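Note that the structure is a prediction, hence the values are computed from the model and not measured. The chain is numbered in sequence order, starting from 1.
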Amino acid sequence: MVIGGCNDIKQSSSLGEILDAGVLKVGTTYGLTTYYNGATGPVGFEYELAEGFADYLGVKLEVFPYYNLDDLFPQLTNAHLDMIAAGISVSPERFQKYKFGPGYQRVSEKLVFKQGNKWPRKIADLQGELVIAAGSSHHESLLRLKQQDEQLSWQETDDSDMEELLEMVLNEELDYTIADSNILALMRRRYPELSIGFSISPEQNIAWAVNKDRDDSLLAALIEYFGIIQNNGTLAALEDKYFGHVRQFNYVDTREFIKSSKQVLPKFKPWFMQYSGDLDWRLLAAMSYQESHWEPEATSVTGVRGMMMLTMATAKELGIVSRLDPEQSIKGGAQYLTGLLKRIPDRITYPDRLWFALASYNVGMGHLEDARVLTDRQGANPDMWVDVKIRLLQLRQKKYYKTVRYGYARGNEAVAYVDNIRRYYDTLVWLDEQQPHMLEPDVAPDEPPAPVAPDTELTD
């Protein structure tokens with residue numbers, strides 16, 4: 001994969017020319033769901049899809065990232081790019097100018113305001129400044145709405161992208177903006193005060209754009225590629241990886257998690273870092289929040305206890321003297337999760353491997369294996385989380401659980417467990433990268449540890 005600059009694009013067109021050159025030139029935009037440079041290199045939903053298409057064609061992927069769509073579309077029109085993969089919606093106006101591959105997501109456009117301000121439920125309720133990103137499909141949607149209400153007005157900016165505009169709404173630098181529903185779902189995990197007023201447009205397809213004046217050979221390859229990855233589960237797995245855990249939004253829970261991350265987590269952060277081993281300490285912390293909300297003396301109705309909610313049998317096996325001691329609990333939880341990861345078959349890769357281990361922590365390895373058996377019986381992939389989590393839900397239904405070894409299980413709780421941890425983890429990663437000082441311990445070096453209540457079930 002090569003990252004190109006805006007000035008070194010050379011002309012290309014049909015599929016035959018792409019194959020002869022051995023290079024697929026893809027234009028995209030920088031963004032949370034499209035393309036950005038992560039800790040291990042380029043990442044993003046659109047990037048991974050494009051990388052898969054290049055592999056399918058047997059050519060090298062060359063990515064040309066832009067800061068806004070206004071600069072990107074002319075490059076496609078002039079045949080300097082083979083296609084655009086930037087999470088763009090197929091609006092009626094765009095459909096007149098470009099050819100589009102198969103739709104692979106559905107999104108709607110939402111008017112966004114800050115929680116606590118007056119809720120605008122329709123265009124006539126707007127009383128303030130509305131700013132949108134230049135070059136977005138939101139411009140076309142607003143033009144259609146203006147036909148219904150001539151008083152509607154807005155501004156467009158090249159200086160801020162959709163994510164930045166959302167932050168400006170949060171900071172009350174402007175009153176409203178418009179965001180695509182998939183991006184908004186991710187951003188609300190960071191900023192729960194972002195609220196939806198109403199939908200600007202009905203759902204539209206997200207698809208890749210190709211030059212309308214070229215032959216259909218590249219378009220035919222796109223149709224075949226998306227058909228393959230839809231049938232083999234690759235598309236569903238990628239969609240689940242980036243968006244599957246954020247479809248549901250809970251304002252109160254998200255707000256409380258961010259508050260606890262800043263007020264409670266710093267006290268325990270050193271132990272999460274110390275005992276995480278090969279795990280990401282932030283994942284371990286997210287897992288602990290799901291288990292106990294970082295409450296050392298938490299106890300469930302089933303008898304599991306402590307910050308990592310260890311069973312008595314597991315604690316004894318790991319040599320934990322008191323499950324109510326936060327350090328011992330974190331250490332034991334890390335050891336147990338690491339052990340579960342080692343028991344997952346080697347052929348299962350990340351991140352599915354991790355989701356399987358987390359589900360096992362909650363529901364048990366036996367029930368996870370039952371779900372994988374059901375997945376295989378039903379012709380799906382037992383090594384992909386996106387397929388197995390559906391069968392975990394079936395473990396509550398008699399017609400399914402009576403056919404497997406370990407029987408009934410609350411598989412729905414395991415699925416919710418994994419999704420919640422993924423959401424908490426994403427938020428923690430963002431907090432750690434953007435506001436690391438907020439997560440730093442504020443404890444005097446010589447301060448003695450607080451006394452720990454004995455875990456009588458283990459010590460008696």
Answer yes when [X] and [Y] have at least one side-chain N-carboxylate O distance shorter than 4.0 Å, and no when they do not.
| X | Y | result |
| --- | --- | --- |
| E193 | R255 | no |
| K389 | D240 | yes |
| D352 | K241 | no |
| D346 | R353 | yes |
| R189 | D426 | no |

Should we say atom [atom1] of [X] is surrounded by more than 12 heavy atoms from elsewhere, each under 6.0 Å from it?
| X | atom1 | answer |
| --- | --- | --- |
| Q230 | CD | no |
| K118 | NZ | no |
| Q434 | CD | yes |
| K110 | NZ | yes |
| D278 | CG | no |

Is it the case that the side chains of [Y] and [X] hold a donor-acceptor pair, with the cut-off being a distance below 3.5 Å and no angle test?
| X | Y | value |
| --- | --- | --- |
| S141 | R144 | yes |
| D253 | Y424 | yes |
| Q290 | Y417 | no |
| E48 | Y242 | yes |
| Q335 | Y275 | no |

With side-chain contact (heavy atoms from CB on, under 4.5 Å) as the criterion, how do D161 and Y67 come out once you've worked through the C-alpha distance, each side chain's angles and the decisive distance to 0.1 Å? CA-CA 8 Å; D161 59 23; Y67 292 101; over 6 Å; no
Would you say that [X] contacts [Y] through its side chain, given a criterion of any heavy-atom pair below 4.5 Å between the two side chains?
| X | Y | answer |
| --- | --- | --- |
| M308 | L337 | no |
| N117 | E172 | yes |
| L111 | I196 | no |
| F73 | I88 | yes |
| L24 | M83 | yes |
| H138 | M162 | yes |
| L368 | V388 | yes |
| D175 | E129 | yes |

Is there a donor-acceptor pair closer than 3.5 Å between any side-chain N or O of [X] and the backbone N or O of [Y]?
| X | Y | answer |
| --- | --- | --- |
| S292 | M307 | yes |
| Y225 | F53 | yes |
| K146 | L152 | yes |
| R396 | G411 | no |
| T34 | T28 | no |
| N412 | L393 | no |
| Y47 | A85 | no |

Relative to each other, are the rings of W430 and Y191 parallel, tilted or perpendicular (30° and 60° limits)? perpendicular
Report all side-chain donor-acceptor pairs from residues 96-103 shorter than 3.5 Å, counting only partners two or more places apart or in another chain.
residue, atom, partner, partner atom, Å
K99, NZ, R214, O, 2.8
K99, NZ, D216, OD1, 2.5

Nearest 0.5 angstrom please: L284 CG to K269 NZ, how far?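 Rounded to the nearest 0.5 Å, the CG-NZ separation comes out at 13.5 Å.
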Between CG of L130 and CD1 of I178, what distance do you get to the nearest 0.5 Å? 5.0 Å
Would E46 and Y104 count as a side-chain contact (heavy atoms from CB on, under 4.5 Å) if you check the C-alpha gap in whole Å, the side-chain angles of each, and the deciding distance to 0.1 Å? CA-CA 11 Å; E46 297 291 335; Y104 52 89; 2.7 Å; yes
Check ring-ring contact (aromatic ring centres under 6.0 Å, His included) between H139 and all other residues, then give those that pass, not counting sequence neighbours.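 Per chain and number, H139 pairs via ring-ring contact (aromatic ring centres under 6.0 Å, His included) with no residue.
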Please name all residues satisfying ring-ring contact (aromatic ring centres under 6.0 Å, His included) with F95, sequence neighbours left out, ordered by chain then number. none
Set out, in order, the CA-CA distance, both residues' side-chain angles and the distance that settles ring-ring contact (aromatic ring centres under 6.0 Å, His included) for F257 and W294, then state yes or no. CA-CA 10 Å; F257 175 72; W294 297 322; 5.7 Å; yes
